[in-house]
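We name chains A, B, ... by the order of the sequence lines, and we start the count at 1 in each one.
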Protein chains: 2
Amino acid sequence: MRKYRVVADQLLDEIAQGKYKDEDRLPTEDKLMAEHNVSRNTLRSAIDVLVDKSILYRVQGSGIYIRKPVYPDTITINSIRGFKEEFKNKETHSEVIELEQLPADKEISQKLQCEIGTPVYFVHRMRYIENEPFSIEYSYFNKTIIPYLGREIANNSIYSYIENDLNLSIGFADKYISVEKLSKMDSSHLQLKEADPSLVIEETVYLTNGTLFNHSRVIHNYKHAKFFALAKNW
Amino acid sequence: MRKYRVVADQLLDEIAQGKYKDEDRLPTEDKLMAEHNVSRNTLRSAIDVLVDKSILYRVQGSGIYIRKPVYPDTITINSIRGFKEEFKNKETHSEVIELEQLPADKEISQKLQCEIGTPVYFVHRMRYIENEPFSIEYSYFNKTIIPYLGREIANNSIYSYIENDLNLSIGFADKYISVEKLSKMDSSHLQLKEADPSLVIEETVYLTNGTLFNHSRVIHNYKHAKFFALAKNW
DNA sequence: TTGGATTTGTGCGTATGTATA
DNA sequence: CTATACATACGCACAAATCCA
């Protein structure tokens, strides 16, 4: 693994274990460089990772400080794998309501930026946490990029299949967040009432090489949907 | 201004003017270095800025590409100043419902991480876009850090007052996003019905030196609240 | 209050690794 | 397989913000 990632992981471990909790502050860059045997740039790349993750913040002339931890049971919206990762200390499972292969119609082709008629997989899934309905997912995958998708995969994690089995590298995603009143069908799936609130995230997901491979619309149970985002003052 | 920021701004301008729209791709790093007379590190810092803003993405071995533009009329959740900035092509205004100075009670002191009794400003504002109610803001400012706040400021932009007049540097913010049913009072302010959906953002805002100075709870009209976030696969 | 020491931020140069074309 | 282009890593110098005597 890249050196700066190793250092980032080590620092993350140390922070998690409370090594710096008295000070809420890391040693100086010079000390960390010596400790981890890396150059200044490499160390700073490692710190960058943790700053992006909102674990640390830096103050010029002063030091590198540890942030207050994010509230538990919230999904970090700037991260791609929300569900299983964020709730790994809880029981989570998925239920595939529908999975089929079909040719892209006009709407789907626009969302997946592909030709009309391109074969795509459509997945309709429910997500549960501790057996409580958490979200409904309507998802399309471009079959040109994801050549196969089956129920056994969708019951587990599609993303870990894509990364570990297909050996593709997921890069980034656009997410649009809005609020809607639930349709009758969605409300029954979520065990809520029609016209109850829901938090809707539409996301477009790309490989690291910029290829668009997935578009999803995820409808969240308003009672459980709590998201976190870090904002910067550009 | 810092060199890498100048380069970032120049590139942003060029992109906005469609200079690269045929290719959707920037010249190589080597060419950009020569063009802007900067070192590789400086150029890469400039590109980093635009990648963070989801303007560009990089593909190792291939090039630097221009992203599809974000939908208009959405608020970038990873940016701190949402309202006036994102809707600067529209008429926006604020209406101060309440502005008072008071000592922090237990709840406020926890949210502002200060002692009970610390003087704080409380601001209750409505935000309008094209004269449509957009959001309700309940905001607390630590008076130790923000020594004065008046109605004439709150009618305008509190943040520009803090940065330009008080000369403080706003750094970063934590945002928690959730969905709630509207209370009777909030619904009337938003000209909606009681129990209608709303998107709620609780944010804690820090100066660049890590000082917590503001906590806000902002309740958005579900008909207009559209947010955007860029997610990375860490 | 000032000024020096400390600490992070910016910028330059160079070499090598790795993914893509 | 080779060339191209971005990614990582090293070292150095100076700027700017903060801290402290």
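Remark: P of D:dC14 and OH of B:Y4 are 21 Å apart, rounded to the nearest angstrom. Between the NZ atom of A:K31 and the C1' atom of C:dT6 there is a distance of 10 Å, rounded to whole Å. Put simply, CG on B:L43 is 15 Å from P on D:dT8, counting in whole angstrom units. In this entry the distance linking CZ of B:R44 with C1' of D:dA5 reads 10 Å, nearest Å. For the pair B:Y65 OH and C:dA21 P, the computed distance is 6 Å after rounding to whole Å. D:dA7 atom P lies 19 Å from atom CE of A:M1, rounded to whole Å. Whole-Å rounding puts the A:R5 CZ to D:dT8 C1' distance at 11 Å. Following rounding to the nearest Å, B:Y57 (OH) and C:dA19 (C1') show an atom-to-atom distance of 15 Å.
Distances were taken from every side-chain heavy atom of B:T42 (C-beta onward) to each of C:dG11, C:dT20, D:dC6; the shortest belongs to C:dG11. Taking the side chain of B:V59 as heavy atoms from C-beta on, and the options D:dC6, C:dG11, C:dT20, the nearest nucleotide is C:dT20. Nearest to the side chain of B:N41, among C:dC12, C:dT10, D:dC6, sits C:dC12. The side chain of A:R40 lies closest to D:dA13, out of D:dT8, C:dA21, D:dA13. Side-chain proximity of A:I64 to the nucleotides C:dG13, C:dT8, C:dT10 is greatest for C:dT8. Taking only side-chain atoms of B:K3, from C-beta outward, the nucleotide of C:dT10, C:dT8, C:dC12 with the closest atom is C:dC12. Listed nucleotides: D:dC6, C:dG13, D:dA9. Nearest to the side chain of B:R58: D:dC6. Residue A:V38 places its side chain closer to D:dC10 than to any other of D:dC10, C:dG11, D:dT8. Distances were taken from every side-chain heavy atom of A:R2 (C-beta onward) to each of C:dT8, D:dA9, D:dT18; the shortest belongs to D:dA9.
A salt bridge does not link B:E35 to B:K31: none of the charged side-chain nitrogens sits closer than 4.0 Å to a carboxylate oxygen.
A distance of 8.5 Å separates CG in B:L212 from SG in B:C114, rounded to the nearest 0.5 Å.
Remark: the B:D48 side chain and the B:Y4 side chain contain no N/O donor-acceptor pair separated by less than 3.5 Å. Side-chain contact check for B:Y65 and B:S62: at least one donor-acceptor pair (N or O, by modelled atom type) lies under 3.5 Å.
In terms of phosphate contacts, A:S39 brings a side-chain nitrogen or oxygen within less than 4.0 Å of OP1 or OP2 of D:dC10.
Judged by atom type and distance alone, A:Q60 reaches the base of D:dA16 through a side-chain donor-acceptor pair under 3.5 Å.
Side-chain contact between B:I77 and B:I201 is present, with heavy atoms from C-beta onward closer than 4.5 Å.
Along DNA chain C, the nucleotide nearest A:G61 and the nucleotide nearest A:N209 are compared for position; the residue whose nucleotide lies closer to the 5' end is A:G61. Residues B:R25 and A:N37 each lie close to DNA chain D; by heavy-atom proximity, the contact nearer the 5' end of the strand is made by B:R25.
Open room surrounds CD on A:E115; 12 or fewer heavy atoms of other groups in view lie less than 6.0 Å from it.
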